[in-house]
Amino acid sequence: MRLRFKATHVVLAMLCVMYFITYVDRVNIGTAAGEIQKELGLSNTELGLVFSAFAYPYLLFQVIGGWVGDRFGPRQTLFWCGMIWAAATIMTGFVHGLAALFVARFALGFGEGATFPTATRAMQYWTPANRRGFAQGLTHSFARLGNAITPPVVALLILWLTWRGAFVVLGFVSLIWGVAWVWYFRNEPRDHGSITAAELATLPPRPKGERPKVPWGPLLQQMWPVTLTYFCYGWCLWLYLNWLPLFFKNNYSLDLKNSALFASGVFFAGVVGDSIGGVISDRILERTGNVRLARLSVTVVGFAGALLSLMPILFVHDITVVALCLSAGFFCAELVIGPMWSIPMDIAAKYSGTAAGIMNTGSAFAAIVSPLVAGFVIDATGNWYLPFLMSMGLLLVGGFSAFLMHPERPFEETHESVVPGKVVAAE
């Protein structure tokens with residue numbers, strides 16, 4: 001008997017691979033940073049500038065990219081995004097100075113800026129409504145798996161091919177994914193040749209009639225607390241992603257291989273956190289029917305747990321204890337991913353790509369500021385723990401700002417968008 005995979009499962013699996021690859025390509029520089037810094041003669045502040053280069057276009061294209069995904073569909077949008085970020089990764093292997101390295105990372109952010117909001121749009125119609133938290137948690141757990149695998153893989157590629165060869169190899173992997181995606185995926189599930197009637201019956205209905213214009217003002221008003229909360233999470237995330245390998249390497253005088261292994265161990269904790277957070281949120285929603293409780297309870301617990309987990313590293317500097325605390329902190333922080341990425345779909349179904357982009361501008365802005373501040377603080381003080389102290393403050397703010405979010409209020413029920421000649425409900 002021939003084994004047959006459901007089309008919905010294959011699409012989810014392809015999105016998982018995309019999340020995995022995008023995070024490999026955005027965090028690979030953290031592992032290669034020591035070699036790059038040495039060859040190009042960069043200070044920690046200049047390295048922080050390079051880390052932040054990714055985030056400038058990434059920030060810009062959250063909302064724009066989300067709109068593009070809504071307008072042109074995930075099939076073409078994600079294909080062209082994949083081609084751009086693949087080329088940027090390959091280009092990184094050929095740079096010879098700070099300016100060229102900045103441009104290559106800037107191009108990477110341009111390519112990846114629209115990916116997550118557009119992936120949310122794909123999930124909107126390819127995932128049952130009661131599985132959104134699971135789908136978001138699973139895809140983001142693959143992103144964290146990319147985090148975890150990247151340090152040892154990149155370290156081995158550097159030892160085998162130098163850091164330049166490592167970027168070229170990883171870029172070609174991205175090219176392969178882009179071609180596979182545009183070949184298999186369809187914007188409309190019913191247009192896919194392999195989908196069954198049973199699968200279609202589980203998927204949410206498509207809105208009928210003309211798509212109204214995006215009501216930017218009311219949408220921003222409802223989404224700003226979500227964006228603020230995600231900024232607080234993003235500050236902590238980007239500190240981990242960019243500086244963790246160098247934290248172990250420089251603070252404990254480890255070589256490339258051992259610092260990569262320690263960083264990888266911490267990132268693996270995030271893989272588990274992503275998956276569990278989404279599942280717990282969906283279970284709470286299923287049992288209580290309370291969307292706000294399902295999303296906020298997991299989010300607040302995640303922020304609080306991350307804050308408490310990081311506190312011991314301010315007093316105990318043993319490498320094993322610090323690694324365990326950082327792992328626990330990353331696990332708790334990643335619990336928020338599933339519920340947070342479900343909120344744009346809960347609030348604004350028709351505009352889920354745009355709403356997700358608005359939310360992710362918080363993390364994108366944090367990706368600019370967090371590495372720059374960390375690099376400056378490390379250069380100015382020589383203290384590698386101070387950036388984590390700052391992250392603890394942002395985690396506290398995020399835990400409180402989460403109570404301002406209202407995913408239980410669907411956008412279509414609270415606002416109306418006026419289009420020429422008629423008034424239509426807006427989500």
Side-chain angles (χ1 to χ4, degrees), residues 22-61 84-113 147 150-151 153-155 157-159 161-172 174 234-235 237-251 254-256 259-260 263 363-384 386-387 390:
T22 56
Y23 263 82
V24 170
D25 285 345
R26 71 178 67 175
V27 305
N28 48 21
I29 196 166
T31 303
E35 298 298 312
I36 296 173
Q37 188 176 29
K38 182 168 57 178
E39 182 174 331
L40 302 184
L42 306 179
S43 67
N44 287 316
T45 302
E46 289 173 326
L47 197 58
L49 179 64
V50 170
F51 288 154
S52 72
F54 165 86
Y56 296 101
Y58 188 72
L59 170 64
L60 177 64
F61 280 92
I84 294 169
W85 93 63
T89 303
I90 294 171
M91 183 171 66
T92 306
F94 294 92
V95 302
H96 290 282
L98 174 61
L101 183 57
F102 183 93
V103 170
R105 296 298 295 181
F106 188 92
L108 180 71
F110 178 80
E112 292 198 8
N147 296 344
T150 298
V153 168
V154 171
L157 286 173
I158 290 173
L159 293 174
L161 299 171
T162 76
W163 66 268
R164 297 181 181 279
F167 282 95
V168 173
V169 169
L170 295 174
F172 274 104
S174 295
W235 185 287
L237 171 69
W238 289 101
L239 177 66
Y240 271 88
L241 297 186
N242 288 319
W243 289 104
L244 195 63
L246 283 178
F247 170 80
F248 284 116
K249 183 176 184 291
N250 294 334
N251 208 44
L254 300 179
D255 59 20
L256 176 65
S259 64
S363 177
F365 183 61
I368 295 173
V369 183
S370 179
L372 282 173
V373 171
F376 175 78
V377 167
I378 293 167
D379 271 343
T381 67
N383 190 325
W384 285 81
L386 283 179
M390 299 173 69

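Just so you know, residue 1 is the first one in the sequence shown, and it goes up from there.
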Please examine the side chains of [Y] and [X], heavy atoms only from C-beta on, and report whether any two atoms are closer than 4.5 Å.
X	Y	answer
Val377	Asn383	no
Phe54	Ile29	no
Leu157	Leu170	yes
Phe102	Val95	no

Separation of [Y] [atom2] from [X] [atom1] (nearest 0.5 Å):
X	Y	atom1	atom2	result
Asn44	Asn250	CG	CG	7.0 Å
Asp25	Thr92	CG	OG1	8.5 Å
Thr89	Phe172	OG1	CZ	11.5 Å
Asp255	Lys249	CG	NZ	8.5 Å
Trp163	Ile36	CH2	CD1	4.5 Å
Leu241	Asn28	CG	CG	11.5 Å

Working note: Glu35 + Arg164, criterion side chain to side chain contact (heavy atoms under 4.5 Å, CB included); need CA distance, chi angles, decisive distance, verdict. CA-CA 10 Å; Glu35 298 298 312; Arg164 297 181 181 279; over 6 Å; no

Contacts of Tyr23 that satisfy ring pair (Phe, Tyr, Trp, His ring centres under 6.0 Å) - sequence neighbours left out: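 Result, ring pair (Phe, Tyr, Trp, His ring centres under 6.0 Å) vs Tyr23: Phe116.
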
Looking only at atom types and distance, does a side-chain atom of [X] sit under 3.5 Å from a main-chain N or O of [Y], one as donor and one as acceptor?
X	Y	value
Thr162	Ile158	no
Arg105	Ala55	no
Thr31	Val27	no
Asn251	Trp384	no
Glu46	Ser43	yes

Could you walk me through whether Val50 and Leu98 pass the side chain to side chain contact (heavy atoms under 4.5 Å, CB included) check? CA-CA 8 Å; Val50 170; Leu98 174 61; 3.5 Å; yes

Shortest non-hydrogen contact between [X] and [Y], atoms and distance:
X	Y	answer
Leu47	Leu246	CD2-CD1, 3.4 Å
Leu108	Arg26	CD2-CA, 3.9 Å
Gly171	Ala86	O-CB, 3.4 Å

Could you list the donor-acceptor pairs under 3.5 angstrom formed by side chains in residues 363-376, with sequence neighbours left out?
residue: Ser363; atom: OG; partner: Trp238; partner atom: NE1; Å: 3.1
residue: Ser370; atom: OG; partner: Trp235; partner atom: O; Å: 3.1

